[in-house]
2 protein chains.
Amino acid sequence: MLTDRQLLILQVIVDDFIRSAQPVGSRSLSKKEGITFSSATIRNEMADLEEMGYLEKTHTSSGRVPSEKGYRYYVDHLLSPQVLTKHDISVIKSIFAEKIFEFEKIIQKSAKILSDLTNYTSIVLGPAVSENKLKKIQIIPLNKDTAVAIFVTDTGHVENRTLSLPASVDASDIEKIVNILNERLTGVPVEDLNDKIYKEVAVLLKQHIHEHDVMLHTLAQLLKVPVTEKLFFGGKMNMLSMPEFHDITKIRNLLTIIDQEEWISNLRNNAKGIHVKIGSENNISAMEECSLITATYSAGDEKLGTIAILGPTRMEYSRVISLLQFFSRDLTAVLTKLYQSE
Amino acid sequence: MLTDRQLLILQVIVDDFIRSAQPVGSRSLSKKEGITFSSATIRNEMADLEEMGYLEKTHTSSGRVPSEKGYRYYVDHLLSPQVLTKHDISVIKSIFAEKIFEFEKIIQKSAKILSDLTNYTSIVLGPAVSENKLKKIQIIPLNKDTAVAIFVTDTGHVENRTLSLPASVDASDIEKIVNILNERLTGVPVEDLNDKIYKEVAVLLKQHIHEHDVMLHTLAQLLKVPVTEKLFFGGKMNMLSMPEFHDITKIRNLLTIIDQEEWISNLRNNAKGIHVKIGSENNISAMEECSLITATYSAGDEKLGTIAILGPTRMEYSRVISLLQFFSRDLTAVLTKLYQSE
DNA sequence: GTTAGCACTCATCAATTGAGAGTGCTAATT
DNA sequence: AATTAGCACTCTCAATTGATGAGTGCTAAC
């Protein structure tokens, strides 16, 4: 167990390192406010903290730097919640100031503002479309053998696909198909559409449409294409200013990873609330020097999406957590009000 | 005017510098194949070329580097068209191999493949939506005071907006509105929609709809939001590997510019054919060490979009131009075949 | 238990050096 | 008159050195 003095020293080291990105030495530490003991004492304590794995040295005679374990302890036990400034609050409120409510615009703006406020990279995930329920399907012919299929979900998400029509299918057929689809598929979650098509729609198509097998195949093809999940970034380039990423190859790896959407979609599975992943906890080698703080937002009780801030492990945890907390609460309030009118 | 020997020297210097990124000295040049004169002669010629502005020195006793003027001359007069390898050709052909024709997918894939083939950054612009003609408008209510408006254009582009409905507007009103809109606006270029709404639709709304003024205002609001032009990037991070961009701040400026879409939309105004912009010809300070090669693609005679490759001024002009030429011809052929069936 | 003191380590910076690649100029060669 | 060999000179780059300073660990004194 850590003594009070060790906790204090750990906290001050982490705070200082977060601010300066420089290893913290015993002498400079001893001069800090609130530190009443000498540098020698601090050295002894530091040695103990290092042995326990909370601190590290960059080379034999450098100051100490927090280890991942150190950050983890700091986040779990030593974090003093930061009070947001009036400016922070007003900037966040400004996101919701616009009159026309366009969900996509809101989360896009959120990504921008969160990265500006933190100077880190922000990632905002929209509601998982695959869980949305279908509201309406339309098929709009463009010319004699191409058409656009449009799917609208209950949250207002619009998905569209181009399809090629069999030569023998005419306008009245399409009308019939669209009617069947809407009748059978309205209210069905997007992820179940493919199933339903085969189970329920196939039979009806057979009864009413000449080229039912070709059409069935075409429709199924359309639904195979994964839906475009809404996803916005802010401040991708902020990482370039961090001293820990002065190395071109590191930056390259990191930015390349950021652009890959696989790991991001995993964020959707996060439980409600705020989560902090530090360094290797992210399980991605290019992100070993990064921390990721995620929060969720909801409408009523239903979790809709996720907001994340990506920064160096030397991240302002306290500030970012406060910002995310405040932002997610605000966004949830707005969305709850909006959707309860349904 | 330049002598044949000066032309030869200029060409070899540019070729060599493109390959190595190292200043070219007279001695190493004299050993090159096809060079039959001594290093001293070359030094004299180099001095002349420098005086005329085709070459530069990085410092007093370094080798020579092509100047912008040098590159310009090289591109305009010395370029030997590069023959594409079988591999290049088959990779490009593979873009069009898929059966389902989804335009967006094709240009997205094109961006990826062009950046892989060149190791530069590729930018692919879809057809200018604002010139598309409206095919169909739909308004789909989500709940009692929100709805989604969907616009489909003749090229199959789908644009959607969320709108809030005045309380007094009911389903039958919406149906009427949609009918009026479709009757009056089908075939109208997207960029003229706003005009037409006021000129023609306003009157009709007044006759048939109670809340015509609110609805008119809402509709006009919707059309004010700029359309989302299709735009895809490939290999943004390729620039990080170029020796000329080893400097973090340069990279930061460049990547930040790339992400801004203003300058890219200007590319739409390009005339048909291939264009090369070298360094400061781009009129963007962060791109002073970059060249941009653009090509257009069409369907039949109608220009649809633009493809661009962004690389360092020390770019493999010959290869990139050949690739773009081949690619744009192929894409145009595919699109022409597709749209002539209308 | 705490701290002063000291020997020691290591990074960083500036100055120095030598090698190498390159130039410009001049004088000799063709 | 054009070309080239030769040479002095310039500049970069990498390696070396030494001084400085921030830091540590340990020991002995408080």
Side-chain angles (χ1 to χ4, degrees), chain A residues 1-10 12-17 19-32 34-67 70 243-244 246-247 314, chain B residues 1-10 12-17 19-32 34-67 70 243-244 246-247 314:
Chain A
M1 225 26 256
L2 297 179
T3 65
D4 281 357
R5 192 165 67 190
Q6 286 171 330
L7 291 182
L8 177 60
I9 290 178
L10 178 56
V12 175
I13 289 179
V14 177
D15 280 336
D16 198 70
F17 186 68
R19 202 179 37 73
S20 70
Q22 296 297 324
V24 188
S26 57
R27 209 177 119 72
S28 71
L29 224 174
S30 70
K31 290 188 201 143
K32 291 248 160 194
I35 303 290
T36 55
F37 25 90
S38 80
S39 63
T41 312
I42 294 172
R43 278 199 287 284
N44 292 329
E45 297 285 31
M46 278 174 157
D48 291 349
L49 284 167
E50 184 175 358
E51 205 174 347
M52 289 185 277
Y54 296 105
L55 296 178
E56 281 169 359
K57 279 189 283 197
T58 58
H59 60 267
T60 41
S61 79
S62 73
R64 300 304 207 290
V65 158
S67 68
E244 36 270 271
H246 259 328
D247 182 4
R314 183 187 65 78
Chain B
M1 222 30 252
L2 295 179
T3 65
D4 282 357
R5 192 166 68 193
Q6 286 172 329
L7 291 183
L8 176 60
I9 290 177
L10 178 57
V12 175
I13 290 179
V14 176
D15 281 336
D16 197 70
F17 185 68
R19 202 179 37 72
S20 70
Q22 295 298 323
V24 189
S26 57
R27 211 177 116 72
S28 71
L29 224 174
S30 70
K31 289 188 201 143
K32 290 251 159 191
I35 304 290
T36 55
F37 25 89
S38 80
S39 63
T41 312
I42 295 173
R43 277 200 287 285
N44 291 328
E45 297 286 30
M46 278 175 157
D48 290 349
L49 284 168
E50 185 176 356
E51 205 173 346
M52 289 185 277
Y54 295 106
L55 295 179
E56 282 169 358
K57 279 190 283 195
T58 57
H59 59 267
T60 41
S61 80
S62 73
R64 301 305 207 288
V65 158
S67 68
E244 36 269 272
H246 258 329
D247 181 3
R314 183 187 64 77

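In the text below, chain A, chain B and the rest are named by the order of the sequence lines, each starting its count at 1.
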Report summary line: In short, P66(A) meets E56(A) closest at the heavy-atom pair O-OE1, 4.5 Å
Report summary line: Looking only at heavy atoms, the pair that brings S67(A) and G53(A) closest together is OG-O, 2.5 Å
**Report entry** Euclidean distance, atom NZ of residue K57(A) to atom C1' of dA22(D) [Å, nearest integer]
**Finding:** 13 Å
Validation row: [X], [Y] side chains within 4.5 angstrom (heavy atoms):
| X | Y | value |
| --- | --- | --- |
| F17(B) | L55(B) | no |
| T41(B) | R5(B) | yes |
| V14(B) | L10(B) | yes |

**Report entry** Counterpart residues, side chain to side chain donor-acceptor pair (under 3.5 Å), relative to Q22(A) (two or more places apart)
**Finding:** none
**Report entry** Non-neighbouring partners of S20(B) that pass side chain to side chain donor-acceptor pair (under 3.5 Å), sequence neighbours left out
**Finding:** none
Under 3.5 Å, N/O pairs linking protein and nucleotides 2-5 of chain D:
| unit_1 | atom_1 | unit_2 | atom_2 | d |
| --- | --- | --- | --- | --- |
| dT3(D) | OP1 | R5(B) | NH1 | 3.1 |
| dT3(D) | OP2 | R5(B) | NH2 | 3.1 |
| dT4(D) | OP2 | S38(B) | N | 3.2 |
| dT4(D) | OP2 | T41(B) | OG1 | 2.5 |

**Report entry** Residues in salt bridge (Lys or Arg N to Asp or Glu O under 4.0 Å) contact with K57(B), at least two apart in sequence or another chain
**Finding:** none
Report summary line: CD1 of I9(B) to OG1 of T3(B), rounded to nearest 0.5 Å, is 7.5 Å
Review item, nucleotides 12-14 of chain D N/O atoms under 3.5 Å of protein N/O:
none

Query - First-last contacting nucleotides on DNA chain C - partner chain A, under 4.0 angstrom, heavy atom - result: dT2(C) to dA11(C)
Report task. Using the side chain to side chain contact (heavy atoms under 4.5 Å, CB included) rule, pick out the option among L49(B), L2(B), V12(B) that qualifies with L7(B). Result -> L2(B)
